[in-house]
Amino acid sequence: EVRLVESGGGSVQAGGSLRLSCTASEFSFHGSGVAWWRQAPGNTNDCEMVSAIGADDKTYYSDSVKGRFTISQDTDKNTLYLQMNSLKPEDTAVYYCAAKLYMTEQTPCGLALHKYWGQGTQVTVSL
């Protein structure tokens, strides 16, 4: 069974940094298309794909995080990362790692582009 597990979330003051990690079992991230999504507090339908690495290794960032977040993956460790700097209160959300490009509604965010999802990790940014 494929399992993704996120870690690294927590509470931080505005301007601070966090690094999220996501490890996978029974699945290889490399070449599958991976991403970090986030879900706004209290609204299960308000999700945003903040960053992704395509199957061609090209990276994507949403405008809201561009220049502040960096996505990377370590293929040897089969681990996906999201380095988040200059955090803002509006970055507060549950962050999910996701993998394998596949359109499905069976995700915490409803219809989305990835088949496998972790359980999510809370990031809270305070003033």
Side-chain angles (χ1 to χ4, degrees):
E1 179 185 357
V2 174
R3 189 164 179 239
L4 307 184
V5 179
E6 301 99 338
S7 61
S11 297
V12 65
Q13 287 190 319
S17 298
L18 286 173
R19 188 175 82 153
L20 305 183
S21 300
C22 176
T23 59
S25 58
E26 303 299 326
F27 182 79
S28 173
F29 282 141
H30 184 63
S32 75
V34 294
W36 288 96
W37 291 75
R38 66 185 179 189
Q39 186 175 56
N43 189 339
T44 59
N45 292 323
D46 186 4
C47 285
E48 177 187 20
M49 187 174 74
V50 296
S51 187
I53 301 175
D56 57 0
D57 285 339
K58 289 184 179 178
T59 57
Y60 160 85
Y61 297 94
S62 67
D63 287 343
S64 61
V65 307
K66 199 171 293 182
R68 300 187 297 122
F69 290 12
T70 303
I71 191 171
S72 62
Q73 60 180 341
D74 185 326
T75 53
D76 290 338
K77 296 181 179 179
N78 201 33
T79 300
L80 181 68
Y81 302 100
L82 185 68
Q83 178 66 44
M84 306 187 294
N85 298 329
S86 302
L87 282 162
K88 305 175 180 179
E90 51 263 43
D91 294 319
T92 295
V94 176
Y95 284 72
Y96 296 93
C97 76
K100 188 174 177 66
L101 289 171
Y102 185 89
M103 187 72 74
T104 176
E105 292 182 334
Q106 304 301 314
T107 81
C109 291
L111 185 65
L113 293 172
H114 297 87
K115 183 174 183 178
Y116 302 123
W117 291 63
Q119 82 288 353
T121 186
Q122 177 70 46
V123 171
T124 302
V125 184
S126 59
L127 287 170

Thr70 and Arg19: CA distance, side-chain angles, deciding distance, side-chain hydrogen bond (donor to acceptor under 3.5 Å, both in side chains) verdict: CA-CA 9 Å; Thr70 303; Arg19 188 175 82 153; over 6 Å; no
Going through the distances and angles, do Gln39 and Tyr96 end up as a side-chain hydrogen bond (donor to acceptor under 3.5 Å, both in side chains)? CA-CA 8 Å; Gln39 186 175 56; Tyr96 296 93; 3.1 Å; yes
When you look at Gln106 and Lys115, which way does the side chain to side chain contact (heavy atoms under 4.5 Å, CB included) test go after all the steps? CA-CA 8 Å; Gln106 304 301 314; Lys115 183 174 183 178; over 6 Å; no
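Using a 4.5 Å heavy-atom cutoff, the side chains of Gln13 and Leu127 are not in contact. For the pair Asn78/Ser28, a side-chain contact is recorded, criterion being any heavy-atom separation below 4.5 Å from C-beta on. For the pair Tyr61/Val50, no side-chain contact is recorded, criterion being any heavy-atom separation below 4.5 Å from C-beta on. Residues Val123 and Met84 have side chains in contact (heavy-atom distance under 4.5 Å, counting atoms from C-beta outward). In this structure the side chain of Leu18 never reaches within 4.5 angstrom of the side chain of Val125, judged on heavy atoms. Contact of the Ser51 side chain with the Leu82 side chain is registered, since non-hydrogen atoms from C-beta on lie closer than 4.5 Å.
Between the side chains of Ser64 and Glu48, at least one donor N or O sits under 3.5 Å from an acceptor N or O.
Follow the hydrophobic side-chain contacts under 4.5 Å out from Phe29 and you reach Phe69 in the same cluster. Under a hydrophobic-cluster definition in which Ile, Leu, Val, Met, Phe, Trp and Tyr are linked whenever side-chain heavy atoms come within less than 4.5 Å, directly or via other members, Val34 and Leu113 are assigned to different clusters. Linking ILVMFWY residues whenever their side-chain heavy atoms come closer than 4.5 Å, directly or via other members, leaves Val65 and Tyr81 in distinct clusters. Residues Val94 and Met49 share a single hydrophobic cluster, defined by chaining ILVMFWY side chains whose heavy atoms lie under 4.5 Å apart. Hydrophobic cluster membership is shared by Trp36 and Val2, with clusters built from Ile, Leu, Val, Met, Phe, Trp and Tyr side chains linked at under 4.5 angstrom.
In this structure Asn85 satisfies the side-chain hydrogen bond (donor to acceptor under 3.5 Å, both in side chains) test together with Ser17, Gln83, sequence neighbours excluded. Every side-chain hydrogen bond (donor to acceptor under 3.5 Å, both in side chains) that Thr124 has, sequence neighbours left out, goes to Gln122.
A donor-acceptor distance shorter than 3.5 angstrom exists from the side chain of Arg68 to the backbone of Ser86, with no hydrogens or angles considered.
For the atom pair Cys97 SG and Glu6 CD, the distance stands at 4.0 Å (nearest 0.5 Å). Here Lys77 contributes atom NZ and Thr23 contributes atom OG1; the two are 11.5 Å apart, rounded to the nearest 0.5 Å. A distance of 11.0 Å separates CG in Leu20 from CZ in Arg38, rounded to the nearest 0.5 Å. For the atom pair CD1 of Ile71 and SG of Cys22, the computed distance is 10.0 Å after rounding to the nearest 0.5 Å.
Between Ala93 and Pro41, the shortest heavy-atom contact is CA-CD, 4.4 Å. Here the shortest heavy-atom pairing between Ser72 and Leu80 reads O-CD1, 3.3 Å. For Leu4 against Ala98, the heavy-atom pair with the smallest separation is CD1-CA, 4.1 Å.
Using a 30° and 60° split on the angle between ring planes, Tyr116 and Phe27 fall in the perpendicular class, above 60°. Between His114 and Trp37, the ring planes are perpendicular. Angles over 60° get that label, and only those under 30° would be called parallel.
Look at Lys66 and Asp63 and you find a salt bridge, because one of the NZ, NE, NH1 or NH2 atoms lies within 4.0 Å of a carboxylate O, short of that distance.
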